[in-house]
Amino acid sequence: MVKIAILGFGTVGSGVAEVLTENGGLIDRRVDDLVRLKYILDVRDFPDSPYRDCFVKDFSVIEQDPEVDIVVETIGGATVALDFTTRALKAGKSVVTSNKELVATHGYELLKLAREHGCSYLFEASVGGGIPILRPLTSCLAANQLEEITGILNGTTNYILTRMIRAGLTFEQALQEAQEKGYAEKDPTADVDGHDACRKICILSALSFGRQIYPEQVPTQGIRGVALEDVAYAGSADYKIKLLGRAIRRPEGKVCAFVAPHLVPGDNPLAGVEDVFNAIAVRGNAIGDVMFYGRGAGKLPTASAVVADVIDIAKDLKRDHRNDWEEGAPDLVVSPDVLTSQWYVRAEATAEQARAACGEIHLLARSGAPAGEVAFLTGPMTEPQLRKRLEGLEVRSLFRVLA
Ligand code: HSE
């Protein structure tokens with residue numbers, strides 16, 4: 001029998017309990033053993049829960065119980081979760097998590113700890129919710145040198161941008177709607193300012209390129225600066241504005257990783273990814289382009305990925321299930337300033353001033369544009385080159401165009 005403990009009975013933790021129970025028969029058959037929930041750790045009381053007999057408040061009960069094989073950490077954050085994960089791994093218990101903050105900030109040391117104690121640390125649910133992406137990266141695509149990853153990695157911001165594009169809502173109106181629907185938190189900072197997408201691109205980069213990349217190494221811009229005017233100008237030329245997490249392998253072996261709103265051409269599959277859906281496009285030197293699409297958040301989709309990791313470990317507790325990457329380094333990550341691309345610019349200027357500054361440009365139009373406003377697409381150049389050319393112009397918005 002394989003015994004499980006869940007840490008945190010919130011949305012994901014309760015989803016994991018539900019999937020383990022509802023799909024218990026097929027999980028047992030797939031593991032070829034009995035997989036049973038033994039403990040749920042939470043500071044709150046749940047007297048009416050069907051799992052009420054499983055609840056404990058003291059982590060050491062789980063830590064010291066030799067029957068517990070796998071700990072599912074769905075507490076979130078990088079404080080209590082770090083302490084409990086460290087202690088579980090040291091006790092030789094494998095840990096499965098959906099906690100992207102913890103993996104992005106402490107992945108290397110926790111993977112090392114798992115290796116030292118002969119257990120596993122798996123986190124499929126930390127990126128893309130229910131979308132299978134981490135295991136395909138490290139197994140199905142293992143024959144490739146991975147070159148580039150481009151993802152819509154945050155469902156909340158994708159929902160907000162979709163509502164701005166489709167319904168003409170302002171950022172504030174769309175954010176309020178996302179909060180009413182339960183997608184955005186009361187404090188939406190982690191989503192709208194890009195931190196959540198940043199953590200996810202760090203995890204994808206580490207798995208793809210083999211070294212830890214820390215969130216503070218990744219320039220991150222959220223969507224607060226995207227205005228309805230930009231959505232309209234972009235739409236006039238068949239572009240959609242999307243928040244992208246990108247990681248590009250550089251020829252010298254370094255990695256360029258960043259998060260920023262982009263104009264995505266209408267014929268790029270990422271342009272059609274709407275609402276709370278996520279998609280991750282991966283480029284490998286043998287496979288070319290491949291894309292993963294699905295529900296990037298939510299109770300049961302996320303639980304689906306967590307329980308898949310549990311099943312993987314439970315099938316053979318002794319096998320090496322580890323993801324792995326090496327320690328990061330301050331000079332591993334290079335600035336996106338090195339990347340040449342087309343740019344979208346909206347400025348308080350005339351078309352003549354824009355042309356004089358940027359040379360050959362493609363002017364964009366929108367109905368109701370005030371006199372003295374200009375929006376255009378530039379030719380290919382780096383951001384420092386562009387900023388130098390724009391000196392003296394009153395720039396309102398500036399976004400990279402995805403090639
Ligand atoms: N807040 C995240 C999102 C949840 O909106 O995508 C899943 O990580």
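Whatever order the structure lists ligands and atoms in, that order sets their numbers, starting from 1. Sequence positions, counted from 1, serve as the residue numbers for this chain.
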| message | Please report whether the ring centroid of F123 lies less than 6.0 Å from that of W325. | response |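 For W325 and F123, the ring centres are under 6.0 Å apart.
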| Under 4.0 Å to a heavy atom of A297 - the qualifying atoms of ligand 1, by number |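 In order of number, 4 (C), 7 (C).
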| message | Can you name the atoms of ligand 1, numbered from 1 with element, that are less than 4.0 Å from a heavy atom of G155? | response |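 Counting atoms of ligand 1 from 1, those under 4.0 Å from G155 are 3 (C), 5 (O), 6 (O).
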For [atom], grab the closest protein heavy atom and report residue, atom and distance to one decimal in Å.
atom: atom 3 (C) of ligand 1; value: N154 ND2, 3.3 Å
atom: atom 1 (N) of ligand 1; value: D191 OD1, 2.8 Å
atom: atom 5 (O) of ligand 1; value: T156 OG1, 2.6 Å

| query | Does G294 offer a backbone N or O that forms a donor-acceptor pair with the side chain of N278 under 3.5 Å? | reply |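 Looks like no, no N/O pair under 3.5 Å.
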| said: When you compare ligand 1 with K200, is there at least one nitrogen or oxygen pair between them that comes in under 3.5 angstrom? | reply: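 Among all N and O atoms of K200, at least one is under 3.5 Å from an N or O of ligand 1.
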| Does any N/O atom on N278 come nearer than 3.5 Å to any N/O atom on ligand 1? | no
| field | Geometric class of the Y344/Y233 ring pair [parallel <30°, tilted 30-60°, perpendicular >60°] | value | tilted
| field | Mutual orientation of the aromatic rings belonging to F46 and F9 [parallel < 30°, tilted 30-60°, perpendicular > 60°] | value | perpendicular
| field | Electrostatic pair D289:R283 at N-O distance under 4.0 angstrom | value | yes
| query | Between R36 and D28, does at least one N-O distance fall below 4.0 Å, as a salt bridge requires? | reply |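 D28 and R36: salt-bridged.
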| query | Are any of the heavy atoms in K100 under 4.0 Å away from ligand 1? | reply |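 Flag set, K100 near ligand 1.
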| said: Please determine whether any non-hydrogen atom of G296 lies less than 4.0 Å from an atom of ligand 1. | reply: yes
| query | Under the criterion side chain to side chain donor-acceptor pair (under 3.5 Å), which of K242, R163, R166 is the partner of E274? | reply |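 Only match with E274 under side chain to side chain donor-acceptor pair (under 3.5 Å): R166.
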